[in-house]
Amino acid sequence: MSEFILGIETSCDETAAAVLEKGCIIRSNVVASQVTLHAPYGGIVPELASRRHLENVLPVVIQALRQAEVQLPDLGAISVTAGPGLVGSLLVGTSMAKSLAYALGIPLVAVNHLEGHIRAIFLEHPELTYPYVALVVSGGHTHLYYVPEEYIYRLLGRTRDDAAGEAFDKVAKLLGLGYPGGPAIERAGAGGNPKAIAFPRSYSGNGSLDFSFSGLKTAVLYYLEGLGYKIQRSGETKFLPPELVADIAASFQQAIVEVLTRNVIKAAKAKKARLVILAGGVACNQLLRQHLRKGAEEEGLEVLFPSPSLCTDNAAMVAAAGYRRLLRGERAGLDLNASANLPLC
Amino acid sequence: MLIEKAYEYTSISKSPRETTRLGRALGSLLQAGDVVCLIGDLGSGKTCLAQGIAQGLEIDPSQGVTSPTFTLIHEFLGRLPLYHFDLYRLGGPEELWDLGPEEYFYGQGVTVIEWAEKARGIVPGERLDIELKRLGEKEREIKLVPHGPRFQALLGEILENPLIRRHKKV
C-alpha cells in the first residue's frame, strides 16, 4: 500500500477531504463549510446540504490533493464516512469514494463518523494507550463510550432527547444569537454571570450515564417567558437586553458543561480508565475544556482534546480511522451503502 | 340510528410521563402507512409524545428515540418501522421534496413528523394531526385532529383504550 490515504467526509454540513501520509501526518485537511449557506435557516437544511455537497465534493478533493502535493495515482487507499448522518449527504461522499477507488483500483474502507471523531486525537497523540473514556459531543451526537482496546466501543451513555450541540443551537436561536449556536453562546456568555440563573442540571438516576438536555432548553424558554418576553413562532425572542442575554448564555453554558463533565468523570472512575478524550464540535467550547480538565485533574485523570480544527467535522479524522482499519485488513466493497443510523460498537 | 362521531379529542397531560403514555396508547394502534403530524412550539412535548409512539410500536429502547433535529430523519424498527421526522430546521415545504418524503409517507412503516406545519401541502390528506400547547410548567393541552376515515376510526379506538381513560374528554 502506498503511504497516502485520502479521506472523504460528507455526513452533515461540511464537505471535507484530507490526505494523510503514513496514517498520521496531515498533508492536507480541506473543509468547505456550508455554515453561511445555512445561517439564514438557523440550522442544516438537508436538501441544500446534499446539493451543495455535490457541488463541493470534487473541488474539495482536488484541493486536498493539490495542497498535499499528491497526484491521484499516488494514493494507496480511500477512506470514507458511511454513517451516521444525513443519508443524502453521506451518499455524495460514498459515491465519490467508490468511484475513485474503482477507477484507481485501490482499497476502499468505510468509517463510522463517531469513530472518526474519537480517532482525531491520535493525529496529535499517536502514542495513546487503552483503556479510555471518550465523549463525542456535537450537534447531532452526545455519546459517551468506554474504549477498552482498539476497535471496541462500549456505549455508556447518550442523550435521551436533544444532543448537547442541538441545545446550544436552540437556545442560541431563543436568544436571537444566530447559527451555529455553540460559538455564539460562548461569545455572548463571555461577559455574563454563570451563576446568575440556576438552570436545572438534569442527571439520569439509577447509575445511568445518559444525558437529557431537552428540559434545559425548556427552562431557558420559561425563564424568558417569566420575564414577560414573548417567544416568536420561529423560536426567537426579540428585544432582549444584551446583559440579560449574556447572563442567560453564561448560566446555560455552565449548566450544560457541568452535566457533561460530571458524567464523563463518573464514567472514567467506574471503568477505572485513567484517560478521558473529548471529541466533536462542542469539544471546541473553552468552558467545557477548562471545566473537564479541572474535574479530571482533581481525580488524577488525564484529559485530551484535539485542536479545534480536528474537533469539528473534517476528513483527516476519517482518513486516520480508516488507515487503522485498513492495516487490520478491513475493506469495503463497491456495494458500500450509507447508513443514517450506523451504530458504533 | 345513533351515530356518535368523534371529530376531535382534547386531553390535558399533567406530566411528560402522561404525554408519553398517550403516545404509547396511540402507537399501539398505528398501522403501516399511517402519518402522524405533531404541531407545537419548542418544549411543548413533541419528542416526548414521539417516544411514547415508539414504545407503542414496540421499538426496543436501546435504539434510542432521540430528537432528530440535527439529522432530520431517524428510522427505527419495531413491530413496524418508524420514520421519525423533525422539520425544525427546514425553511418551508419545498425544502422537503428532495428527501423523497412520499417514500416514507406511503411506505411500510409509520411516519411521525415534528414541526409538521413546515410541511404543509406535502403531508398526505389522510393523517392524524396532534396539536400540543404549553399550559403550565408541566401541563400540556394535546388535541388530536383526525383527517380522513382511517383516522376518524382510529380516534374512536383511542377513546376506548383503557390506557388513556384518565384523560378527560373536553
Side-chain angles (χ1 to χ4, degrees), chain A residues 11-13 38 40-51 83-90 138-143 155 158-163 165-167 169-171 173-174 179 210-215 217-222 225-226 231-236 339-341 343, chain B residues 15-16 19-20 39-51 54 59-77 81-101 103-104 114-115 117-118 122 134 136-138 140:
Chain A
S11 69
C12 200
D13 59 337
H38 290 126
Y41 303 99
I44 312 302
V45 184
E47 186 262 345
L48 291 181
S50 49
R51 195 164 43 183
L86 298 169
V87 167
S89 299
L90 287 163
S138 66
H141 310 280
T142 310
H143 284 59
L155 186 63
R158 64 179 158 184
T159 182
R160 290 186 177 170
D161 36 59
D162 298 357
E166 177 182 340
D169 284 342
K170 284 185 171 165
V171 169
K173 194 165 182 182
L174 273 173
Y179 180 84
D210 280 350
F211 303 94
S212 168
F213 296 116
S214 172
K217 159 197 79 191
T218 315
V220 174
L221 192 131
Y222 285 138
E225 284 184 344
I231 320 289
Q232 314 272 305
R233 195 81 187 79
S234 63
E236 282 169 279
S339 166
N341 291 346
Chain B
S15 67
T19 302
T20 309
I39 300 152
D41 294 339
L42 211 63
S44 60
K46 297 182 295 298
T47 302
C48 200
L49 192 68
Q51 286 172 337
I59 285 157
D60 187 344
S62 74
Q63 293 187 53
V65 180
T66 57
S67 163
T69 294
F70 209 71
T71 34
L72 199 91
I73 307 170
H74 284 170
E75 291 181 34
F76 303 97
L77 195 60
L82 167 65
Y83 311 122
H84 185 190
F85 280 61
D86 184 328
L87 309 183
Y88 174 74
R89 290 165 195 269
L90 235 58
E94 64 284 354
E95 287 165 8
L96 187 59
W97 274 123
D98 272 17
L99 286 161
E103 287 182 32
Y104 294 96
E114 298 191 31
W115 297 93
E117 58 268 44
K118 298 198 180 190
I122 295 185
R134 284 187 289 120
E137 190 152 335
K138 294 209 163 144
R140 302 287 184 271

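What's counted below: heavy atoms across the whole structure, side chains too, no hydrogens, waters or symmetry copies. So you know, we letter chains A, B, ... as the sequences are listed, proteins then strands, and number each from 1.
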Study note, to complete from the structure: So, the part of Glu137(B) with a heavy atom under 4.5 Å from chain A: the answer is both
Check your understanding: Of the backbone (N, CA, C, O) and the side chain (C-beta and beyond), which part of Pro68(B) lies under 4.5 Å from a heavy atom of chain A, both, or neither?
Key ->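 Interface part for Pro68(B): neither.
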Review point. Less than 4.5 Å apart, any side-chain heavy atom of Asp41(B) and any of Ile231(A)?
Key: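 Side chain of Asp41(B) against side chain of Ile231(A), heavy atoms only: no contact under 4.5 Å found.
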Review point. About how many Å separate SG of Cys48(B) and CZ of Arg160(A), when rounded to the nearest 0.5 Å?
Key: 12.5 Å
Review point. How many angstroms lie between atom CH2 of Trp115(B) and atom CG of Leu42(B), to the nearest 0.5 angstrom?
Key: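 Here the rounded value is 5.0 Å.
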Check your understanding: Which atom names give the shortest non-hydrogen contact between Thr66(B) and Thr159(A), and what distance separates them?
Key -> CG2-O, 3.0 Å
Check your understanding: Out of Ser11(A), Pro84(A), Gly139(A), Gly140(A), which one racks up the most heavy-atom pairs below 4.5 Å with chain B?
Key ->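 Going by pairs under 4.5 Å, I would pick Gly139(A).
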Check your understanding: When heavy-atom pairs shorter than 4.5 Å are enumerated against chain B, which of Glu166(A), Lys217(A), His141(A) gives the highest number?
Key -> Glu166(A)
Chain B contact via [X] - side chain, backbone, both or neither, heavy atoms under 4.5 Å:
X         : result
Ser214(A) : neither
Asp162(A) : both
Leu155(A) : neither
Arg158(A) : side chain

Review point. Honestly, is Lys173(A) close enough over Tyr88(B), meaning NZ or CZ under 6.0 Å from the six-membered ring centre and within 45° of the axis?
Key: yes
Exercise for review: Give me the ring orientation class for His74(B) and His84(B): parallel if the planes are under 30° apart, tilted from 30 to 60°, perpendicular past 60°.
Suggested key: perpendicular
